[in-house]
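Mind looking over this structure? Questions follow.
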There are 2 protein chains.
Amino acid sequence: MHVNQLDIEALCLSKGLKLTEQRKIIAQVISASGDHPHVEEVYQRASAIDNKISLATVYRTINLLESYGVIEKLEFGDGRARYEPKRSEADHHHHLIDLTTGKIIEFYDAELEKLKADIATRLGYQLVDHRLELFGVPLKNKN
Amino acid sequence: MHVNQLDIEALCLSKGLKLTEQRKIIAQVISASGDHPHVEEVYQRASAIDNKISLATVYRTINLLESYGVIEKLEFGDGRARYEPKRSEADHHHHLIDLTTGKIIEFYDAELEKLKADIATRLGYQLVDHRLELFGVPLKNKN
DNA sequence: TTATCTGCAAAGAATTTGCGGGAGG
DNA sequence: CCTCCCGCAAATTCTTTGCAGATAA
C-alpha cells in the first residue's frame, strides 16, 4: 500500500513551526497506520514510542496536520473522528464499511471520480473535496 | 420538495410505542424542516411549539426515529449530527456543501446510484447504505 | 392499571483550552 | 534567549442515562 512518510519536516520548515519530538512521533505513527485510527489510538501508538506524550498534544498535532491538509478526517458514524494520511489525488479512494464486522475496505474507481467532478460542475461548483462511504453486508454467494 | 409528513402514528402503532405529544411534535418539526437541523435546532423548533419539551426527549426521539429508519443521520464534519427525514429510495440524494457560505445543495444522480451499487458488488458486498458529500466552491463564471 | 415515557440533572465521552514550565531555532 | 510548544487539568460541547413522577393505552 505504498504509503509515504508524512513530510513533517518540510511542513514545519515551510510554515515556521517547530519540529518537536512529539510532532515527529505523531506524524510517523499516522504514516505507518494502515488502518484509520481515531485520536485515542494514535495516542496509544505514540505513547508506546514515547510515553511522555500527552493526549492534548495528539489532538493539537492532529488538528495541525489536518489544517495543513497533510492528513484527512474521516467520520464513520461512531462518535469519533478517524484519520488517515492524505494521499495524492491519483491515489484518492473511499471506504466500504462491512456492517457485520466493522472491517473497512478501501477502493478507488475512476468512473466515480469523474462523475463526482461532473456533478459538481453541473451544480455550478468546483469540487474541492469529497467523501463517500458505502455500508454493506457480504454477499451470500461470495465466501 | 414534496416531503411527506413522517408517519409517526403508524410507527408507534406497529412497534407498540406510545404516541406521545412530544413525539408528534418532534416528528412534525423534522418533517417540516427543509434544511438539515442538528439536535439543538430541532429542540428549539419543538420548544417554539411546546416549551415544556426537554432536550433529552429530543435526543431520545431522534435516536428512536433513526433506529427505525424514519430519519437519516448526516455528518458534515462539524462536531454534531444532523438529521433529515428519510426519503424513498427513488428520492435518494446527496449533498454538496458550499465551502464559502455553508449552503447545502441536494442532488441526485442516477448514474451515481448505479455505480455505487456496482462497486459494492464488485467488492463482494450488498449495499445497505451509503453517504456522499461533495465540498466545493462556486465556479467563477457561473454567477 | 401498568408499562412506557418525560423532565431534570448528573454522568459520560470526545475534544478544546488556559497556564506555567520546557525546549527548539 | 525568546517564542512557540508541551503536559496537566479544567473547561466545553455533544450526547446519554438514572430516577421519580406523569401519561398513553
Side-chain angles (χ1 to χ4, degrees), chain A residues 8-30 36-68 70-83, chain B residues 8-30 36-68 70-83:
Chain A
I8 186 78
E9 304 190 22
L11 176 67
C12 289
L13 195 59
S14 69
K15 301 293 175 184
L17 303 170
K18 290 188 177 173
L19 181 61
T20 64
E21 200 54 36
Q22 291 90 334
R23 285 177 180 169
K24 282 189 222 169
I25 292 173
I26 293 165
Q28 192 222 306
V29 163
I30 298 179
H36 309 84
H38 49 248
V39 177
E40 187 68 33
E41 287 170 334
V42 173
Y43 172 57
Q44 286 165 10
R45 295 173 199 179
S47 295
I49 299 173
D50 175 353
N51 70 349
K52 297 179 301 303
I53 286 182
S54 75
L55 183 56
T57 295
V58 175
Y59 270 104
R60 278 190 277 231
T61 303
I62 283 179
N63 287 341
L64 186 85
L65 293 174
E66 196 208 352
S67 74
Y68 285 118
V70 171
I71 63 175
E72 199 153 353
K73 183 181 189 174
L74 308 170
E75 286 176 297
F76 292 156
D78 55 347
R80 40 193 165 182
R82 293 171 173 276
Y83 296 88
Chain B
I8 186 78
E9 303 192 21
L11 175 68
C12 289
L13 196 60
S14 69
K15 302 291 177 185
L17 302 169
K18 291 187 177 175
L19 182 60
T20 64
E21 200 54 37
Q22 291 90 332
R23 285 175 181 171
K24 282 189 223 170
I25 292 173
I26 293 165
Q28 193 222 304
V29 163
I30 298 179
H36 309 85
H38 51 249
V39 177
E40 188 68 32
E41 287 170 335
V42 173
Y43 172 56
Q44 286 166 9
R45 295 172 198 180
S47 295
I49 299 173
D50 176 352
N51 70 350
K52 296 178 303 303
I53 287 182
S54 74
L55 183 57
T57 295
V58 175
Y59 269 104
R60 278 190 279 232
T61 303
I62 283 179
N63 286 342
L64 186 85
L65 294 173
E66 196 208 351
S67 74
Y68 285 118
V70 171
I71 63 175
E72 199 152 353
K73 183 181 189 174
L74 308 171
E75 288 176 295
F76 291 157
D78 55 347
R80 38 194 166 182
R82 293 171 173 278
Y83 295 88

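The shown structure was predicted, so the numbers you read here are calculated from the model rather than taken from an experiment. Residue numbers begin at 1 in each chain, while the letters A, B, ... track the order of the sequences.
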Identify, between A:Gly16 and B:Arg80, the residue whose nearest nucleotide on DNA chain D lies closer to the 5' end.
->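 Checking each residue's closest nucleotide, the 5'-ward one belongs to A:Gly16.
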Heavy atom of residues 40-50 of chain A under 4.0 Å from DNA chain C: which residues?
-> none
Look at the side-chain N and O atoms of B:Gln22 and state whether any lies under 4.0 Å from the OP1 or OP2 oxygen of D:dA24.
->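 Looking at the OP1 and OP2 atoms of D:dA24, neither is under 4.0 Å from any side-chain N or O of B:Gln22.
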Would you mind listing every side-chain hydrogen bond (donor to acceptor under 3.5 Å, both in side chains) that reaches into residues 52-64 of chain A, with sequence neighbours excluded?
-> A:Asp50-A:Lys52, A:Ser54-A:Thr57
A:Ile62 CD1 to C:dT15 P: how many Å, rounded?
-> 9 Å
Along DNA chain D (nearest heavy atom to each residue), the more 5'-positioned of A:Ile53 and B:His38 = A:Ile53
Axis-to-axis angle between the two ends of the helix from C:dT1-D:dA25 to C:dG25-D:dC1 (five base pairs per end, rounded to 10 degrees) =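 Nearest ten degrees gives 40° for this helix.
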B:Thr57 or A:Leu55: which one's nearest nucleotide on DNA chain C is closer to the 5' end?
->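 Its nucleotide being nearer the 5' end, the pick is B:Thr57.
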Do nucleotides 17-25 of chain C as a string where each nucleotide becomes B, S or -: B if the base has a protein heavy atom under 4.0 Å, S if just the sugar-phosphate does, - if no protein is that close.
-> BB----BBS
For residues 8-17 of chain B, tabulate all N or O donor-acceptor pairs below 3.5 Å that involve a side-chain atom, not counting sequence neighbours.
| from | atom 1 | to | atom 2 | distance (Å) |
| --- | --- | --- | --- | --- |
| B:Ser14 | OG | B:Ala10 | O | 3.1 |
| B:Ser14 | OG | B:Leu11 | O | 3.0 |

Kindly compute the distance separating NZ (B:Lys24) from CD (B:Gln22), expressed to the nearest 0.5 Å.
->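 Going from the NZ atom of B:Lys24 to the CD atom of B:Gln22 covers 10.0 Å.
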Are any of the side-chain heavy atoms of A:Lys73 and A:Tyr83 separated by less than 4.5 Å?
->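 In short, these two side chains touch, coming nearer than 4.5 Å.
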Please list, one pair per line, the donor and acceptor atoms closer than 3.5 Å that link side chains of residues 38-49 of chain B to other protein atoms, with sequence neighbours excluded.
| from | atom 1 | to | atom 2 | distance (Å) |
| --- | --- | --- | --- | --- |
| B:His38 | NE2 | B:Arg80 | NH1 | 3.4 |
| B:Glu41 | OE1 | B:His38 | N | 3.0 |
| B:Arg45 | NH1 | B:Asp35 | OD1 | 3.1 |
| B:Arg45 | NH2 | B:Asp35 | OD2 | 2.7 |
| B:Ser47 | OG | B:Tyr43 | O | 2.8 |

Counting only side-chain N and O atoms of B:Asn63, is one of them less than 4.0 Å from OP1 or OP2 of D:dT15?
->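 No.
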Can any side-chain N or O of A:Glu75 pair as donor or acceptor with the backbone N or O of B:Phe76 at less than 3.5 Å?
->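 Such a contact is absent between A:Glu75 side chain and B:Phe76 backbone.
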